[in-house]
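Since the structure comes first, as structure tokens, the remarks are kept for the end.
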Number of protein chains: 2
Amino acid sequence: MNIGEVAEQTGLPAKTIRYYEDIGLVTPQRGANGYRVFRDTDAHKLTFLGRARALGFSIEHCRELLALWEDRSRASADVRAVALGHLDDIEEKISALAAMRDTLAELVQNCAGDDRPDCPILKGLEGP
Amino acid sequence: MNIGEVAEQTGLPAKTIRYYEDIGLVTPQRGANGYRVFRDTDAHKLTFLGRARALGFSIEHCRELLALWEDRSRASADVRAVALGHLDDIEEKISALAAMRDTLAELVQNCAGDDRPDCPILKGLEGP
DNA sequence: CTTGACCTTCCTGTGACTGGAACCCTTATG
DNA sequence: CATAAGGGTTCCAGTCACAGGAAGGTCAAG
């Protein structure tokens, strides 16, 4: 498989796949013409990476998960630990965003939104 | 005021304040020694920026908000529009994160997390 | 033989800073 | 007066995970 085909198959942009090779996440072979040649295992890896990234795992976490995936003698506890750590991160981000939303929504609700200059949003940003 | 003092007053790191000057958000004067000299209005601006950034507004949105803040003939509708746009962004991010969390939480819940290699999390990342 | 689609590498840019090096200014102290 | 500490200054590099684009090589079809 050339990069275009595997890109279509995995849904990842070719640029991203090249980048993943750069940082050592996949190691496709090379044809006589210099083109990358992807085997099925490479494509599977890339699919795995795409899904892990879609769940918000960082590249480094992806690297760990990939290593665990390839290690047939892994302990599922190790995988779970990585996932739980990431879940905490996600929860924290959600909380932070929800707090922003709540504050901002309150400011917006108090703002008339007309052609007059008086604006509680700007006042709220000025200071308490 | 020197940069250290205004940094303490606003809670922003000095590095950030220099960066804000670089990109034209504040324009402190300079003393004979080359030091930045911040007036009260500069400090107020920086406080405003710090709060807007804390609510997740991008630098470009901050620039807009700052311009509106300084424009005494603004229409509050313009401010509200920026804020509402940002609220939408926040909601979208929250939804995306919540979706990640739900998917990931389900995988985690199905994982024994023991010393055996069998792991639904990895299976879930492989494919549907 | 040419066209057009595909592939290659390399360089730059993104957002919003952060860290660090190398150097200047000010103030207090021995 | 020398010096040391604690400000300040500029500039350069790095972060994260790619994306855009230039310049050029390769391949299959007409």
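The figures here come from the full heavy-atom set of this structure, side chains too, leaving out hydrogens, waters and symmetry mates. Within every chain, numbering begins at 1; the chains are lettered A, B, ... in the order of the sequence lines, protein sequences first and strands thereafter.
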(Q) Could you go through B/D42 and B/Q29, starting from their C-alpha distance and side-chain angles, then the distance that decides it, and tell me whether this counts as side-chain contact (heavy atoms from CB on, under 4.5 Å)? (A) CA-CA 10 Å; B/D42 296 318; B/Q29 297 177 315; 5.8 Å; no
Q.
Between A/K45 and A/L66, does the side-chain contact (heavy atoms from CB on, under 4.5 Å) criterion hold? Intermediate values first, please.
A. CA-CA 8 Å; A/K45 265 197 198 184; A/L66 204 50; 4.1 Å; yes
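Counting only heavy atoms from C-beta outward, the side chains of A/L55 and B/L125 approach each other to under 4.5 Å. Using a 4.5 Å heavy-atom threshold, the side chains of B/D78 and B/E64 count as separate.
Within the 4.0 Å cut-off from OP1 or OP2 of C/dT18, at least one side-chain nitrogen or oxygen of B/T16 is found.
If you measure from atom CG of A/D22 to atom P of D/dC18, you get 12 Å, rounded to the nearest angstrom. The interatomic distance linking B/I17 (CD1) with D/dG7 (P) rounds to 14 Å, in whole Å. Protein atom OH of B/Y19 is 18 Å distant from nucleotide atom P of D/dT15, rounded to whole Å. As a whole-Å value, the separation of A/E8 CD from C/dC7 P is 10 Å.
Comment: A/E21 engages A/R30 in a salt bridge, judged by a side-chain N to carboxylate O separation of less than 4.0 angstrom. Look at B/K123 and B/E126 and you find no salt bridge, because none of the NZ, NE, NH1 or NH2 atoms lies under 4.0 Å from a carboxylate O. Here A/D114 does not pair with B/R80 in a salt bridge; the nearest charged N to carboxylate O distance is not below 4.0 Å.
Partners of B/F57 by ring-ring contact (aromatic ring centres under 6.0 Å, His included), not counting sequence neighbours, listed by chain and number: B/H86.
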Under 3.5 Å between N/O atoms: give me all the protein pairs with nucleotides 8-11 of chain D, atom names plus distance.
| residue | atom | partner | partner atom | Å |
| --- | --- | --- | --- | --- |
| D/dG8 | OP1 | B/G4 | N | 2.3 |
| D/dT9 | OP1 | B/R36 | N | 2.7 |
| D/dT9 | OP1 | B/R36 | NH1 | 2.9 |
| D/dT9 | OP2 | B/R18 | NE | 3.2 |
| D/dT9 | OP2 | B/R18 | NH2 | 3.2 |
| D/dT9 | OP2 | B/R36 | NH1 | 3.2 |
| D/dT9 | O5' | B/R36 | NH1 | 3.2 |
| D/dT9 | O3' | B/R30 | NH1 | 3.4 |
| D/dT10 | OP1 | B/R30 | NH1 | 3.3 |
| D/dT10 | OP1 | B/R30 | NH2 | 3.3 |
| D/dT10 | OP2 | B/R36 | NH1 | 3.2 |
| D/dT10 | OP2 | B/R36 | NH2 | 2.6 |

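Residues from residues 39-61 of chain B that place a heavy atom under 4.0 Å from any atom of DNA chain D: there are none.
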